[in-house]
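What follows is a set of notes on a single structure, which appears directly below.
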Amino acid sequence: MSKIQEAIQHKILVLDGAMGTMLQRYNFSEEDFRGERFKDFSHSLKGNNDLLSITQPQAIRDVHAQYFEAGADIVETNTFSGTTIGMADYHLEDLVYELNFQSAKIAREVADEFTAKNPNQPRFVAGSIGPTNRTASMSPNVNDPGYRAVTFDDLRIAYKQQVEALIDGGCDVLLVETIFDTLNAKAALFAIEEVKDERQIDIPIMVSGTITDASGRTLSGQTVEAFLISISHIPLLSIGFNCALGADQLKPYLKRLSRNTSLNISAHPNAGLPNAFGQYDQTPLEMQALIREYLKDNLINIIGGCCGTTPDHIKLIADVAKEFKPRELMVVG
């Protein structure tokens, strides 16, 4: 049994908050994104947050440290777009292995520093595997419904490279997250299983989908139950939801999930819904009150934050998580 599998039996584990929200505070310029190494690169790099693990590693280190300081047990690597598919927008496909390896290494070093300071609270690194900006289930062209911008094999190959680098960099767990298309997720899970087989290793896997709106479905049209069934052939540490919705709007779907699975459940909702300017206004106290309801209803084993959440949100979430026991896993049959 891995250390994270052991830890989750005894306490509700706290995941970090948003990396992007924190990096926006730095207001990095094009030159900052480029750093010395890419100063003459022929394409714009501003907005490529994953690249900051190479060009601004201290900022990434500081964000991880702030979340651990706030009480997080797990931080996610800065690799949400870390595939050749995601990096194609910036013409940096050749950098994918290094980006993932360095991101994992930074998070690992910070986690180890915090574990050394307090061995009673071991800290963990989750390799963040995002959904890419393409969908394997649907056509991006309304006039050609049979067209696909990406194939299952394209995704599998891209994810495999990312997974290998995240493991080499020292991740404790892999987090396939913000899933809007289950076929993309299945490609990621297939790639993980391939790497596990080839290396004769076992690494825990977390899966986190996204309910895109009040219809209660993922973008590719699956209900909570269908999503669960689609990925239940893989042994998972946890299943859950993140992004798109605030804690309040996400709760009914977590309830449905908890009634239908014997797996650990994770949630990292946004800080409410975005305002007219795309900003998130929900305060840490408001979010804490909503998370307390999750805990009272025995819904979750892992809790964190997505868009708009900061170390202040995570601190109050960690404080309230200490008051409750983790959700008991029941046999669903």
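Along the sequence shown, residues carry numbers from 1.
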| said: Is there a path of hydrophobic side-chain contacts, each under 4.5 Å between heavy atoms, that joins Leu290 and Leu245? | reply: no
**OP:** Verify the distance criterion only: is there a donor paired with an acceptor across the side chains of Asp62 and Gln66 at less than 3.5 Å?
**Re:** no
Note: with side-chain heavy atoms under 4.5 Å as the link, the other cluster members for Leu285 come out as Leu316
To the nearest 0.5 Å, atom CD1 of Ile239 lies from atom CG of Leu263 at 6.5 Å
Is any NZ, NE, NH1 or NH2 atom of the basic residue among Glu293 and Lys296 found under 4.0 Å from an Asp or Glu carboxylate oxygen of the other? yes
Residues at least two apart in sequence or cross-chain that pass ring pair (Phe, Tyr, Trp, His ring centres under 6.0 Å) with Phe114, listed by chain then number, are Phe68
Salt bridge check: are Asp172 and Arg108 linked by an N-O gap of less than 4.0 Å?
yes
Value for OG (Ser208) from CD1 (Ile302), rounded to nearest 0.5 Å, stands at 9.5 Å
Got Phe124 and Lys3 here, is their nearest side-chain heavy-atom distance under 4.5 Å? yes
All heavy atoms of Gln282 vs all of Glu286, minimum pair found to be CA-OE1, 3.4 Å
(request) Could you check if a side-chain atom of Tyr90 sits within less than 4.5 angstrom of a side-chain atom of Phe41, using non-hydrogen atoms only? (result) no
Taking the side chain as every heavy atom from C-beta outward, state whether Met287 and Pro269 have any pair of such atoms under 4.5 Å apart. yes
Which of Val207, Ile129, Asn184, Asn242 passes side-chain contact (heavy atoms from CB on, under 4.5 Å) with Ile179? Answer is Val207
Check: Taking it one step at a time, do Ser103 and Thr77 satisfy side-chain hydrogen bond (donor to acceptor under 3.5 Å, both in side chains)?
Finding: CA-CA 6 Å; Ser103 295; Thr77 54; over 6 Å; no
Q. Do Asp112 and Thr115 get their side chains close enough for a donor-acceptor pair, meaning under 3.5 Å?
A. no
So does Arg61 pair up with Glu113, basic N to acidic O under 4.0 Å?
-> yes
Point to revise | Thr132 side-chain N/O to Arg134 backbone N/O, donor-acceptor pair under 3.5 Å | key: yes
Residues at least two apart in sequence or cross-chain that pass salt bridge (Lys or Arg N to Asp or Glu O under 4.0 Å) with Arg292, listed by chain then number, are Glu323
What one should report as the nearest heavy-atom pair of Leu237 and Asn264 is O-ND2, 2.9 Å
Discussion item. Check whether His10 reaches the backbone of Ala7 with its side chain - one donor and one acceptor, N or O, closer than 3.5 Å.
Written reply: no
Look only at the side chain of Asn100 and the backbone of Ala165, and say whether a donor-acceptor pair between them is shorter than 3.5 Å. no
dist Ile314:CD1 -> Ile303:CD1 (nearest 0.5 Å) comes out at 8.0 Å
Just by modelled atom types, is the Arg34 backbone N or O under 3.5 Å from a matching donor or acceptor in the Thr55 side chain?
no
Open item on the list: Between Lys105 and Glu109, does any NZ, NE, NH1 or NH2 come within less than 4.0 Å of an OD or OE carboxylate oxygen?
Closed with: yes
- Under 3.5 Å: donor-acceptor pair, side chain of Ser2, backbone of Gln5: yes
Does the Ser53 side chain pair with the main chain of Pro57, one donor and one acceptor, at a distance under 3.5 Å? no
message = Between Asn49 and Asn78, do the side chains contain a donor N or O and an acceptor N or O under 3.5 Å apart?
response = no
For the hydrophobic clusters of this structure (ILVMFWY residues joined by side-chain heavy atoms under 4.5 Å, transitively), does one cluster hold both Leu45 and Ile54?
-> yes
*Whether Thr261 side chain and Leu257 backbone form a donor-acceptor pair below 3.5 Å*: no
CG of Leu52 to CD of Gln102, rounded to nearest 0.5 Å, is 13.5 Å
- What do the steps show when you test Asp154 against Thr84 for side-chain contact (heavy atoms from CB on, under 4.5 Å), and what is the final call? CA-CA 10 Å; Asp154 294 336; Thr84 47; over 6 Å; no
Any chance NZ of Lys251 has more than 12 other-residue heavy atoms, nucleotides or ligands included, within less than 6.0 Å? yes
Note: Ile265 and Leu254 closest approach over all heavy atoms is CG2-CD2, 4.0 Å
Ignoring hydrogens and angles, tell me if any N or O in the side chain of Lys315 forms a donor-acceptor pair with the backbone of Tyr67 under 3.5 Å. no
Quick one: does Asn270's side chain have a donor or acceptor within less than 3.5 Å of a partner on Leu273's backbone?
-> no
Quiz item: Taking 4.0 angstrom as the limit, do Glu164 and Lys196 come out as a salt bridge?
Solution: no
Close side-chain approach of Thr212 to Arg217, heavy-atom, < 4.5 Å
no
Heavy-atom closest pair (Met87 atom, Val96 atom, distance to 0.1 Å) is CG-CG2, 3.9 Å
Shortest non-hydrogen pair, Ile192 vs Ile205, comes out as CG2-CD1, 3.7 Å
Are Leu155 and Thr151 close enough that some pair of their side-chain heavy atoms sits under 4.5 Å apart? no
What one should report as the nearest heavy-atom pair of Ala104 and Gly170 is CB-N, 4.3 Å
Q. According to a 4.5 Å side-chain heavy-atom criterion applied to Ile, Leu, Val, Met, Phe, Trp and Tyr, with indirect links allowed, do Val195 and Met206 form part of one hydrophobic cluster?
A. no
Worksheet item: Under a 4.5 Å cut-off applied to non-hydrogen side-chain atoms, are Leu51 and Leu95 in contact?
Response: yes
Notebook entry, point to check: Salt bridge check: are Arg156 and Asp153 linked by an N-O gap of less than 4.0 Å?
Noted result: yes
*Can you check whether Ala247's main-chain N or O pairs, donor with acceptor, with Tyr294's side chain at less than 3.5 Å?*
yes
Contacts of Arg256 meeting salt bridge (Lys or Arg N to Asp or Glu O under 4.0 Å) (sequence neighbours excluded), chain-then-number -> Glu225
To the nearest 0.5 Å, atom CG of Asp181 lies from atom CZ of Phe227 at 10.5 Å
**Prompt:** Relative to each other, are the rings of Tyr97 and Phe101 parallel, tilted or perpendicular (30° and 60° limits)?
**Reply:** parallel
inquiry  = Using the rule given for side-chain contact (heavy atoms from CB on, under 4.5 Å), can you reason through Tyr280 versus Cys307, listing the C-alpha separation, both sets of side-chain angles and the distance that settles it, and then say yes or no?
reply    = CA-CA 8 Å; Tyr280 293 86; Cys307 305; 3.6 Å; yes
Tabulate below the donor-acceptor pairs under 3.5 Å that side-chain atoms of residues 12-28 make, not counting sequence neighbours, or state none.
from  : atom 1 : to     : atom 2 : distance (Å)
Asp16 : OD2    : Glu76  : N      : 2.9
Thr21 : OG1    : Gly308 : N      : 3.0

| message | Please determine whether the number of non-hydrogen atoms from other residues, nucleotides or ligands lying under 6.0 Å from atom CG of Asn118 exceeds 12. | response | yes
Interatomic distance, CG@Asp297 vs OG@Ser258, rounded to 0.5 Å, equals 8.5 Å
I'd like to know whether Gln161 forms a side-chain hydrogen bond (donor to acceptor under 3.5 Å, both in side chains) with Thr83, so could you lay out the CA-CA distance, the side-chain angles of the two residues, the decisive distance to 0.1 Å, and finally the verdict.
CA-CA 8 Å; Gln161 187 181 13; Thr83 57; over 6 Å; no
So the side-chain hydrogen bond (donor to acceptor under 3.5 Å, both in side chains) pairs with at least one residue in residues 120-129 (sequence neighbours excluded) are Asp73-Gln121, Gln121-Arg123, Ser128-Glu177
- request: Please examine the side chains of Val163 and Lys160, heavy atoms only from C-beta on, and report whether any two atoms are closer than 4.5 Å.
  value: no
Checklist entry - With a 4.5 Å limit on heavy-atom distance, are the side chains of Val224 and Phe241 in contact? => result yes
